[in-house]
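Below: the structure, in structure tokens.
Just so you know, residue 1 is the first one in the sequence shown, and it goes up from there.
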Amino acid sequence: MAAEKTEKRKAEHIRICLEEKAQARKVTAGFENIKFVHRALPEVDRESINLSTSFLGKTFSAPLMVGAMTGGTEEAIEINQNIAIVCEKLGLGMGVGSQRAAVENYVLEKTYTVARKAAPKTFLIANIGGVQLVHGYGIKEVKRVIDMIDADAVAIHLNALQEAVQPEGQTRFKGVLAKIGEIAGELDRPVIVKETGAGICAEDAKALKDAGVKAIDVGGVGGTSFAAVEYFRGEKQLGEAFWDWGIPTTVSVVETVQSTKLPVIASGGVRSGASIAKALALGASLAGIVQPVLETAVRGSRETEQFLSGLIDELKNVLFLVGAENVACLAKVPLFICGETAEWLKVRGFNIESYSCRGVC
């Protein structure tokens, strides 16, 4: 019965994300508050710009990954296959959705294993819920989801907002951090902790680093709102009240980077090559994109490749216009941080002036 409910919920999430406007409404990821300094004399050749980067020991052709999206329902098979085909071809990373459904019902493993079959060399990230670790899951289940897709790393996702709004949600989170530390200490694969749309603050980022986490995916406000998803599933009052709850992605990136120096994935409202470039310039190692890829993946791998290739081309253009020869140089170009993003970071005690004083490689 529990497995059937989980599968049904996964199918509902796909439908809602495709058919309803479950995006942040009155808040943004903050990318409009990040401004590059244009270089009229970039002194680089666009065609020689190198977008390759390294993340947790793996080389990516471009600093982009398709974030955790789906699995656990039949509809997910084609979606994950299409995404995996493109990530393999373009040399990008990929995460699968929560694998809880397959832990509960092994028949659903095929909705996840299709990713590794279609992408034998791609950096794949397995996925398990943090709250499940205090509801009976342990190292056995985590190793199972890793082995299921021969993952290069595992993401433990944090979704307190969604669980608090969801009628069937699990809100007993006490002890999650300790469990994450136990898992990180026992595994031979890196542990990534990812938020699912509400962002990660400096205090939590520091605690996760101390627990042994090797990277953080901030999953900030500005993209898909899982409170909104639950609103469309029928939880009107709480979904409406918490629709825009959380920390904007740009703020979360700066707080996490400055407080931990860990590799950071910037996700949440990433919708263009320019927003990818801004996330990297703020210190992120990769940018993660989800919703727009879901929309292309249901149509096919060709459409998905066209979309992601377009983003990569946009990213290269930004590097050219700011005079950056490679991704590492992008982290040294001057930035102007303004608006609510600047106000938030100043009040929280983070240094934003240093970004405006940087030089180019």
Side-chain angles (χ1 to χ4, degrees), residues 5-6 8-33 67-70 97-98 100 127 129-132 134-135 156-177 193-205 207-208 216-256 266-271 288 290-292 294-295 339-341 343-345 347-348:
K5 288 182 178 179
T6 301
K8 181 175 181 290
R9 188 164 63 248
K10 297 298 182 186
E12 288 176 343
H13 287 169
I14 293 174
R15 179 189 63 78
I16 290 168
C17 287
L18 288 172
E19 298 177 5
E20 307 289 354
K21 295 180 179 179
Q23 303 295 296
R25 290 189 304 196
K26 298 178 181 178
V27 296
T28 71
F31 290 113
E32 73 280 5
N33 294 324
M69 191 176 305
T70 190
S98 172
R100 176 185 174 189
N127 190 338
V131 72
Q132 269 75 61
V134 290
H135 284 80
I156 298 176
H157 71 259
L158 303 177
N159 63 338
L161 172 61
Q162 183 183 15
E163 298 288 356
V165 174
Q166 196 175 85
E168 64 270 56
Q170 297 175 313
T171 54
R172 181 162 59 87
F173 267 68
K174 189 174 181 61
V176 171
L177 179 62
V193 166
K194 71 180 304 299
E195 236 292 346
T196 54
I200 288 181
C201 66
E203 294 84 349
D204 289 339
L208 290 168
I216 294 175
D217 183 340
V218 299
V221 166
T224 300
S225 164
F226 275 94
V229 170
E230 297 305 327
Y231 171 91
F232 289 112
R233 288 187 68 225
E235 190 53 51
K236 300 297 183 184
Q237 182 173 344
L238 288 175
E240 178 74 32
F242 292 92
W243 194 298
D244 290 324
W245 177 273
I247 306 169
T249 300
T250 51
V251 171
S252 196
V253 168
V254 173
E255 289 210 8
T256 302
S267 65
V270 175
R271 298 289 183 266
V290 183
Q291 174 70 21
L294 174 62
E295 294 172 1
E340 188 173 301
T341 301
E343 293 173 15
W344 183 311
L345 291 169
V347 170
R348 289 274 287 160

Examine distances only and state if a side-chain atom of [X] and a backbone atom of [Y] form a donor-acceptor pair shorter than 3.5 Å.
X: D244; Y: K26; answer: yes
X: T256; Y: S252; answer: yes
X: E195; Y: A198; answer: yes
X: S225; Y: A22; answer: no

For this session: Flag the pair E343 and R348 as a salt bridge only when some basic side-chain nitrogen lies within less than 4.0 angstrom of an acidic carboxylate oxygen.
Result: no

Problem set entry | Qualifying residue, where the test is side-chain contact (heavy atoms from CB on, under 4.5 Å) with Y231 and the options are E20, Q237, K236 | K236

Seminar exercise, completed: Only residue of K21, R233, E230 satisfying side-chain contact (heavy atoms from CB on, under 4.5 Å) with I16 is R233

Judged by modelled atom types alone, do [X] and [Y] share a side-chain donor-acceptor pair under 3.5 Å?
X: S98; Y: N127; value: no
X: T224; Y: Q23; value: yes
X: T341; Y: N33; value: yes

Problem set entry | By ring-ring contact (aromatic ring centres under 6.0 Å, His included) - contacts of W344 (at least two apart) | none

Exercise. Can you tell me if CD on E12 sees more than 12 non-hydrogen neighbours from other groups inside 6.0 Å?
Worked result: yes

[X] versus [Y], closest heavy-atom pair with distance:
X: K194; Y: A68; result: CE-CB, 4.1 Å
X: C17; Y: V229; result: SG-CG2, 4.2 Å
X: E163; Y: G169; result: OE1-CA, 3.1 Å
X: G268; Y: A29; result: O-CB, 3.4 Å

